[in-house]
Amino acid sequence: MTPPITLLTDFGTADGYVGEVKGVLSTLAPHAPLVDISHDLYAQDVEGARLAVARYWRRFPPGTVHLVIVDPGVGTARAALAVASEGRYLVGPDNGVLSPSLFALDARVVRLAEPPAAAPTFHGRDVFAPVAAQLAMGGPLEALGEPHPEPVRRRTPPPVRHGDGTLEGEVLTFDRFGNAVTNLVPARPTPPGTTVVTMGQEIPLVRTYGDVPPGAPLALVGSSGLVEIAVRNGSAASRFGMARGQRVVLTARP
Amino acid sequence: MTPPITLLTDFGTADGYVGEVKGVLSTLAPHAPLVDISHDLYAQDVEGARLAVARYWRRFPPGTVHLVIVDPGVGTARAALAVASEGRYLVGPDNGVLSPSLFALDARVVRLAEPPAAAPTFHGRDVFAPVAAQLAMGGPLEALGEPHPEPVRRRTPPPVRHGDGTLEGEVLTFDRFGNAVTNLVPARPTPPGTTVVTMGQEIPLVRTYGDVPPGAPLALVGSSGLVEIAVRNGSAASRFGMARGQRVVLTARP
Amino acid sequence: MTPPITLLTDFGTADGYVGEVKGVLSTLAPHAPLVDISHDLYAQDVEGARLAVARYWRRFPPGTVHLVIVDPGVGTARAALAVASEGRYLVGPDNGVLSPSLFALDARVVRLAEPPAAAPTFHGRDVFAPVAAQLAMGGPLEALGEPHPEPVRRRTPPPVRHGDGTLEGEVLTFDRFGNAVTNLVPARPTPPGTTVVTMGQEIPLVRTYGDVPPGAPLALVGSSGLVEIAVRNGSAASRFGMARGQRVVLTARP
């Protein structure tokens, strides 16, 4: 069985660009199931793409090829990469979007050769898709280019632990419900009475949405283990007017 | 052949949540085609999800597994369900979204056990997706949990027939063209001169858009057999400022 | 192997319409991979659909069936078509959306019979999807209907070459980054100093985004060979307030 090829892009779907990429994949890897992750990332949001890749890349079975095309530097000198890591493959630009796979001990990275006929504005179709198809068909990584020892690797910034036991972090991004995802990782189990302070609000850390009344703010440990700030049946982003980088402080009261 | 697994969620696609669910499915049911219905339902719109499920669940072949994750009560005491009905399977929360399948005579419903490690905010990934994969792989429904005899069942409210022959109903929802879908089911064939009155407008019931000039309002029997109110080449929702629950009256004039 | 069926519609995905179409396809062509191109075209945007189809239809392997449902005339006298062209099949309304396939020398076109029970507002489900499934299963085109010798064929308007060597064209459409796609096809290689004049701006034609500073306007030859007007890390559509049909002039300065 040919393994799946997943697609994460910021192309949107109001024109035929995603179709062009899928056509190339269908032609070169006809048996590979094509799995859409999203084409609706904010345009050129490299950090949003990195955080999304972190969520899903290891959930797919070994052999899966993850195509990640969020590429504001297309056509410039930035490298085009293919990565093998923990049995999965990732293909995309060297701008940090592939970072979650690059910290594994067994990660191998090659810099892709750029075909002379590649359109300088559409490496997704002309550089990345053909390589993803080759990997899905079982082609070896090393045949695709030279080793690339220093890929761009971005990390979620770690929170700072203060002497008084508080943990200071920041808002990384927002999900579509308006929940603010932070970089705070609390001790488990979290002591009762733990709160998150941000923008002058003191917000209780609870287990689930049902623990506060509708319309009330809450903090909880999200499905990635990170603290999220939410409003039950509402949006924390619009209620508090928070932005990425907003300071948040976790306090466990005795 | 492994039957398809369909996905209907309100997750949006601007982060990696849908990808996580698809990764679990690809790992546990590697041969099942994954078919996106939508991830763009209005957040937490249980009623919209129910109406969408009613449209498509029986159009897919027997064996299909429909995953429906619109779940404002995630992490609370609401049950997680798997249903077998008319040869198809449905998996989702016990809040009414699965209702269209629950009125069949042969419907069987079980309450899913919640794995201890399930993230309280992401049952889609940790509870529903693994069960959908098991069903697609041929696992029996009864192995998944205890029978659940009283699932939440919501119905489209029936219209009221008045003594003067008029039929009084309401707007259920809007489609993306701004058409208002009502709960009115007219007699077939509809007598000429039939109109729908709403918001002070008397709108002719016609067969198709081409029966009125561009820009004119019209009512027609939609593809589900329900009366819809539309504006040719326009939006009834924005023209008339209608909302869900708006009263509509069907009148057959002699 | 059953070839893929691709789907391009303007249905949006907030209700179950796309699901209904996919259910019909899954039932009648159970082994055909379903490949989403987009369901988010602007409602009833026939011209946008035509330009999208031009991008992708030939990128897919022979045998592929392209379903294109952007159909403001549904239920009127407009014909429903199936096309065989360069080894691919296309199914959709006779309003120009299938044009890119209709200029091939080997193009064959039939007018589909309309099943009596077809909902007059949903030919996507009741007319086009069953035919797409039949073609994917290997059914012959000629069995589907009578030859249709004069389908609607739309062409991108050609630019006008003036005596002074300038090339005058127009904006065809915008992509999701706000880039304006024009009908200008420059000589290759383009002489240095070539510019595009529009809305009182003189914009340099460069090779890639990196050739101008962030925030600066640029013109470049897009991945289809057409000149596009863009703003680096910005939107030409919102910066210049351009609309479809806006006049653009390409000038090669000596």
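The structure displayed is predicted, hence computed values, not measured ones. Per chain, numbering begins at 1; letters A, B, ... match sequence-line order.
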Which answer fits [X], side chain, backbone, both or neither, if we ask what part of it has an atom under 4.5 Å from a heavy atom of chain A?
X: B/P30; result: both
X: B/V21; result: neither
X: B/R125; result: side chain

Among the options [options], pick out the one with the most heavy-atom pairs lying under 4.5 Å from chain A.
options: B/P72, B/G23, B/G12; result: B/G23
options: B/P33, B/A119, B/G19; result: B/G19
options: B/L34, B/T76, B/V18, B/T121; result: B/T121

Indicate the atoms forming the closest heavy-atom contact of B/G16 with A/Y56, along with that distance.
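Closest pair (atom of B/G16, atom of A/Y56, distance): O-CB, 4.3 Å.
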
Quick check: closest heavy atoms across B/Y17 and A/S223, and the distance to 0.1 Å?
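For B/Y17 and A/S223, the tightest heavy-atom pair comes out as CE2-OG, 4.0 Å.
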
[X] versus chain B, the contacting section by heavy-atom distance below 4.5 Å:
X: A/N233; answer: both
X: A/F174; answer: backbone
X: A/L51; answer: neither

Is a side-chain donor or acceptor of [X] paired with a backbone partner of [Y] at a separation under 3.5 angstrom?
X: B/K22; Y: A/D36; value: yes
X: B/T27; Y: A/R59; value: yes
X: A/S38; Y: B/T13; value: yes

Return yes when atom CZ of B/R244 has more than 12 non-hydrogen atoms of other residues, nucleotides or ligands closer than 6.0 Å, and no otherwise.
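Counting neighbours around CZ of B/R244, more than 12 heavy atoms of other residues, nucleotides or ligands fall under 6.0 Å, so yes.
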
State whether the number of non-hydrogen atoms from other residues, nucleotides or ligands found under 6.0 Å of A/E86 atom CD is greater than 12.
yes

With rounding to the nearest 0.5 Å, note down the distance linking CZ in A/F60 to CD in B/E20.
10.0 Å

With B/D15 as partner, the option from A/D175, A/V181, A/N179 fulfilling side chain to side chain contact (heavy atoms under 4.5 Å, CB included) is A/D175

